[in-house]
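Because the structure is a prediction, the values reported are computed rather than measured.
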Amino acid sequence: MEEQKFEATRKTGKICKIVIDKEGCIGARSCVVVAPEIFKMNEENIAYIINPDASDDDILKMSAEACPVLAVHLYDENGNKIFPKE
């Protein structure tokens with residue numbers, strides 16, 4: 001069985017960390033539609049990360065922005081939140 005990561009560190013790009021708010025995810029699948037190489041849905045219909053480095057920053061940011069409840073959080077190398085803005 002594949003490990004389900006809800007937080008992952010990236011090795012490339014300006015976006016260095018991805019965090020999925022499991023409590024906030026409603027299973028809309030929009031992150032998977034935009035970036036299927038990064039995200040998948042589990043049996044509980046919650047998004048998880050399969051490969052954080054599979055796409056560039058632009059695609060990753062678009063996938064986070066596509067989430068209707070902003071459950072995909074992105075951070076820079078200093079731990080500052082890039083998206084969503086607080």
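Rounding to the nearest 0.5 angstrom, the gap separating the CG atom in L70 from the NZ atom in K85 is 13.0 Å. Between the NE2 atom of H73 and the CD atom of E7 there is a distance of 11.0 Å, given to the nearest 0.5 Å. For the atom pair K17 NZ and I82 CD1, the distance stands at 11.5 Å (nearest 0.5 Å). In this structure, the separation between CG on D56 and CD1 on I15 is 9.0 Å, given to the nearest 0.5 Å.
Taking all atoms of both residues into account, the shortest heavy-atom contact from K81 to Y75 is CE-OH, 3.3 Å. Here the closest heavy-atom approach between residue A71 and residue G24 is recorded as CB-C, 4.1 Å. Here the closest heavy-atom approach between residue I38 and residue S55 is recorded as CD1-CB, 3.6 Å.
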Test side chain to side chain contact (heavy atoms under 4.5 Å, CB included) on I46 and Q4 and set out the steps. CA-CA 10 Å; I46 303 297; Q4 296 182 10; over 6 Å; no

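Inter-residue side-chain proximity for R29 and N45 is flagged as met; some heavy-atom pair is nearer than 4.5 Å. You'll find the side chain of L74 reaches within 4.5 Å of the side chain of I18, heavy atoms only. With a 4.5 Å cut-off on side-chain heavy atoms, I59 and M62 count as touching. Contact of the R10 side chain with the L60 side chain is registered, since non-hydrogen atoms from C-beta on lie closer than 4.5 Å.
A side-chain donor-acceptor contact under 3.5 Å links S30 to the backbone of A66. A distance-only check finds no donor-acceptor pair linking the side chain of N78 to the backbone of N80 [under 3.5 Å].
Note on M41 and I20: same hydrophobic cluster, where clusters join Ile, Leu, Val, Met, Phe, Trp and Tyr whose side-chain heavy atoms are under 4.5 Å apart, directly or indirectly. V34 and I49 are members of different hydrophobic clusters when ILVMFWY side chains are connected at heavy-atom separations under 4.5 Å. Placement of F83 and V72 within a single hydrophobic cluster is found when ILVMFWY residues are connected by side-chain heavy-atom separations under 4.5 Å, directly or transitively.
Remark: K14 NZ is loosely packed, at most 12 non-hydrogen atoms of other residues, nucleotides or ligands lying under 6.0 Å away.
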